[in-house]
Amino acid sequence: MKKDLRVISWALGVVMLMSSCSGAAPANTASEAPATVSETAAAESEAAETPVEPAILSEEPASEETSAFKGDAFQVKAVDEKTLEVKLNAVTPFFLELTAFPAFSPVPLHIIADAGEAWATEASTYIGNGPFKVTSWTPSDKIVVEKNTTYWNASQLGPDKINFALIEDDVAQLAAYETDQLQFIDAIPQDEIDRLSSRPDFHKTGQIGTYYVSYNVTQAPFDNALVRQAFTLAVDRDYIVTQIGKAGQIPAGAYVPVGLSDADVSKEFRDAGGDYYDPGKSSNEANLAKAKELLAEAGYPNGEGLPTISYLYNESTGHQAIGEALQQMWGELGASVTLESQEWATFLNTRKNGEYQIARNGWLGDYNDPISFLDMWITGGGNNDAQWSNSEYDGLIAEIKNSSDQAKRMELMHQAEDIIFADWMLCPIYYYVDLFMQKTTLDGSVWPSPLGFKYFMYANQPELNVCIGPNPDTIDPALNSAVDGATLIIHNFEGLYTLDEDGAPIPGQAESVDISDDGLTYTFHLRDGIQFSDGTPITAQTFVDSWLRVINPETAADYAYMFESIKGYAEAVGE
């Protein structure tokens with residue numbers, strides 16, 4: 001299932017509502033991936049077998065509203081137990097794809113009411129509605145999931161059991177793989193790529209994503225745009241992709257990656273937008289000279305007066321090698337750079353909290369639209385690790401999300417990216433490819449998504465041993481923002497729609513959808529008998545209440561903004 005990175009302008013489910021995939025990834029959605037491989041991890045939880053009395057369909061959302069949160073304004077309605085009506089602000093071609101993203105999954109509010117936010121940390125309370133259920137969870141060791149017999153499509157699933165090993169060190173992952181303890185690993189040591197790349201179990205696939213560096217724009221000296229531009233131009237991207245990445249990564253001259261369509265679907269957004277600087281090898285000398293001029297203009301000639309700079313990255317041989325290269329490249333500006341590594345979950349929270357100067361970052365699209373890369377930078381956004389704020393940018397994103405004119409949307413998105421590089425608030429390094437090792441016996445039954453997720457639910461083995469990363473930061477569908485967590489979530493939860501092997505949206509918990517002629521009203525028809533793995537029925541109201549939980553500011557969900565396309569979102573959250 002190898003796909004060329006530049007060919008991933010996937011013609012995903014061309015209904016009038018297209019789609020793509022992270023997924024998530026979201027889904028995704030979510031969005032993050034390491035230097036030479038996808039950042040992943042694992043976590044799932046168990047579902048009690050004792051049936052629970054069916055929930056009564058209520059007239060009002062079950063979510064408790066705060067004084068600032070007005071859930072009644074949110075235009076999602078349970079018409080009856082099996083019918084969910086959603087009204088949109090504007091035509092949203094990727095809306096079905098959104099409903100496959102982890103944050104749109106129904107969650108067991110009856111469990112959360114008792115266990116609180118800790119529900120997603122224990123096998124006994126991690127109750128899902130997806131293909132599998134967590135039966136045991138040993139932190140820093142493994143998460144075991146078994147086939148969920150209450151899942152509507154259980155008869156078509158592959159493995160009876162999947163063991164997700166929780167290993168952070170990529171060298172240890174490879175050792176376990178080569179001794180047949182694991183059948184799949186999602187991380188490859190940087191110095192092993194040359195040796196492994198010619199083997200049939202070495203896989204390289206396209207991903208829609210960008211590996212980049214975040215500047216904390218609130219901390220000196222990176223509160224100065226000239227300094228940020230200087231550090232960005234001083235990077236030799238050709239060296240990083242050829243000497244460290246070694247997998248065909250494309251040096252990045254912009255933030256939104258290759259693989260996404262523009263208004264004219266025969267063209268890519270990246271081709272229409274062009275580069276903001278030349279990332280090629282031939283321009284390195286000129287770029288460095290310009291960087292030195294900018295740094296002097298900022299008041300730091302030859303780096304004089306710059307404080308010691310700390311570069312933060314998560315543990316990985318690939319990330320470390322890139323950090324060492326950046327340390328040397330920025331050293332040519334006269335900067336003194338120290339390197340700091342943290343384990344995955346700690347790193348995510350340190351970066352999210354803005355407790356850094358410069359940090360490694362990466363983003364994989366959550367669906368096939370450039371807005372998936374641009375809306376994360378709105379003021380106060382849950383994934384805005386740069387702590388950046390620009391009112392003009394915020395206005396453009398709002399206008400884009402309320403427009404049904406695709407040509408206008410694309411024009412505005414190019415303008416939004418222009419603002420990013422007028423302010424130089426991030427430093428792109430390269431456009432991703434996905435590297436992983438997979439036993440040849442699994443070929444054709446396990447697949448990756450261009451959004452970073454891995455799909456093991458239809459593997460052709462009765463028991464599967466895989467590693468997608470270390471302990472996940474969180475596997476609460478509302479709170480997760482990383483690819484590893486999203487992969488675990490999609491094995492335990494399912495939304496109204498799900499994604500097929502090509503990343504196209506297909507029916508999941510909903511068996512069908514009706515779309516109004518103007519494209520603004522979606523009416524989903526749920527399958528008969530859908531339920532959580534503990535036997536609790538799932539109704540249209542379950543989806544309403546679960547979505548309200550995500551957008552409620554008290555939940556502090558990173559992906560709450562993904563619901564902005566739904567009418568009444570702004571009024572509900574008090575914007």
Side-chain angles (χ1 to χ4, degrees), residues 32-40 168-173 186-193 209-217 219 221-222 227-228 230-247 249 251-252 255 279 284 287-288 291 303 306-363 385-386 424-433 435 469-470 482-483:
E32 227 3 274
T36 54
V37 291
S38 304
E39 269 153 3
T40 38
E168 180 142 20
D169 182 64
D170 50 15
V171 175
Q173 286 190 39
D186 209 17
I188 302 173
Q190 185 269 332
D191 58 2
E192 294 282 6
I193 294 174
T210 303
Y211 187 102
Y212 64 99
V213 166
S214 282
Y215 299 119
N216 184 340
V217 302
Q219 287 197 18
F222 299 105
V227 174
R228 299 193 294 267
F231 271 62
T232 298
L233 292 178
V235 175
D236 181 347
R237 293 161 178 81
D238 179 78
Y239 176 85
I240 290 175
V241 301
T242 59
Q243 301 304 311
I244 300 175
K246 300 181 179 181
Q249 294 93 342
Y255 175 56
N284 284 336
N287 286 343
L288 181 59
L306 280 176
T308 298
I309 307 299
S310 175
Y311 179 75
L312 179 69
Y313 63 95
N314 56 295
E315 296 172 355
S316 153
T317 56
H319 296 322
Q320 179 180 343
I322 289 179
E324 291 169 350
L326 293 173
Q327 181 183 47
Q328 185 274 327
M329 293 167 191
W330 291 330
E332 294 190 43
L333 294 176
S336 175
V337 180
T338 61
L339 304 180
E340 178 186 358
S341 68
Q342 294 181 343
E343 59 85 24
W344 178 229
T346 300
F347 168 77
L348 285 179
N349 287 297
T350 299
R351 194 178 63 189
K352 178 182 176 67
N353 294 334
E355 298 168 352
Y356 71 94
Q357 287 177 292
I358 316 181
R360 184 207 77 75
N361 216 322
W363 192 256
D385 296 336
W424 298 92
M425 43 75 67
L426 54 76
C427 171
I429 304 295
Y430 61 71
Y431 304 129
Y432 275 119
V433 293
L435 304 182
V483 175

Exercise. Does F231 have any ring pair (Phe, Tyr, Trp, His ring centres under 6.0 Å) partners at least two apart in sequence or in another chain, and if so, which?
Worked result: F222, W330
Exercise. Has the side chain of D170 got a donor or acceptor atom that lies under 3.5 Å from a matching backbone atom of S316?
Worked result: no
Seminar exercise, completed: Interatomic distance, CD1@I309 vs CD@Q219, rounded to 0.5 Å, equals 9.5 Å
Seminar exercise, completed: Correct closest heavy-atom pair for G362 and Y432 would be CA-OH, 3.6 Å
Problem set entry | Worked check of side-chain contact (heavy atoms from CB on, under 4.5 Å) between L333 and L288 | CA-CA 8 Å; L333 294 176; L288 181 59; 4.0 Å; yes
Exercise. Has the side chain of Q190 got a donor or acceptor atom that lies under 3.5 Å from a matching backbone atom of T317?
Worked result: no
Exercise. For the atom pair OH (Y212) and CH2 (W363), what is the distance rounded to the nearest 0.5 Å?
Worked result: 7.0 Å
Exercise. Closest approach of P251 and R237, non-hydrogen atoms and distance?
Worked result: CB-CB, 3.8 Å
Problem set entry | Atom pair CG (N349) and CD (Q342), whose distance is rounded to the nearest 0.5 Å | 9.5 Å
Exercise. Do R360 side-chain atoms and Y211 backbone N/O form a donor-acceptor pair below 3.5 Å?
Worked result: no
Problem set entry | N287: partners by side-chain hydrogen bond (donor to acceptor under 3.5 Å, both in side chains), with sequence neighbours left out | none
For this session: Output, in order, the C-alpha distance, side-chain angles, deciding distance and verdict of side-chain contact (heavy atoms from CB on, under 4.5 Å) for L326 and V337.
Result: CA-CA 9 Å; L326 293 173; V337 180; over 6 Å; no
Seminar exercise, completed: side chain to side chain contact (heavy atoms under 4.5 Å, CB included) filter on Q328, not counting sequence neighbours, yields E332
Problem set entry | Reported CD1-to-CG distance for the pair I244 and D191, which is rounded to 0.5 angstrom | 12.0 Å
For this session: Could I get the full list of side-chain hydrogen bond (donor to acceptor under 3.5 Å, both in side chains) partners for E355, not counting sequence neighbours?
Result: none
Problem set entry | Distance-minimising heavy-atom pair for I193 and G245 | CD1-O, 3.6 Å
For this session: Not counting sequence neighbours, which residues clear side-chain hydrogen bond (donor to acceptor under 3.5 Å, both in side chains) with D238? List them please.
Result: none
Problem set entry | Residues that A252 engages under side chain to side chain contact (heavy atoms under 4.5 Å, CB included), provided they are two or more places apart | P428, Y431
For this session: May I ask you to decide if G354's main-chain N or O and N216's side chain share a donor-acceptor pair within less than 3.5 Å?
Result: yes
Exercise. Of all residues at least two apart in sequence or in a different chain, which pass the salt bridge (charged side-chain N to carboxylate O under 4.0 Å, His left out) check with R228?
Worked result: D423
Exercise. In Å and rounded to the nearest 0.5 Å, what is the CG to CD1 distance from L426 to I358?
Worked result: 12.5 Å
Exercise. In chain order, what residues pass the side-chain hydrogen bond (donor to acceptor under 3.5 Å, both in side chains) check against E343, with sequence neighbours excluded?
Worked result: T346
Exercise. Can you check whether I240 reaches Q243 side chain to side chain, under 4.5 Å on heavy atoms?
Worked result: no
Problem set entry | Main-chain N/O of E315 paired with S341 side-chain donor or acceptor, under 3.5 Å | no
Exercise. Sequence neighbours excluded, which residues qualify as side chain to side chain contact (heavy atoms under 4.5 Å, CB included) partners of D169?
Worked result: V171, A172
Exercise. Going by heavy atoms in the side chains, are P470 and Q173 under 4.5 Å from each other?
Worked result: no
For this session: Please report the closest heavy-atom contact between A247 and V433, naming both atoms and the distance.
Result: O-CG2, 3.5 Å
Exercise. Any donor-acceptor pair under 3.5 Å linking the side chain of Y356 with the backbone of D385?
Worked result: yes
For this session: Identify, with sequence neighbours excluded, every residue that meets side chain to side chain contact (heavy atoms under 4.5 Å, CB included) alongside S310.
Result: T338, E340, Q357
Exercise. Ring centroid separation for H319 and Y311, is it under 6.0 angstrom?
Worked result: no
Exercise. In chain order, what residues pass the salt bridge (charged side-chain N to carboxylate O under 4.0 Å, His left out) check against E168, with sequence neighbours excluded?
Worked result: none
Exercise. Would L339 and E324 satisfy side-chain contact (heavy atoms from CB on, under 4.5 Å), going step by step from the backbone distance to the final call?
Worked result: CA-CA 8 Å; L339 304 180; E324 291 169 350; 3.6 Å; yes
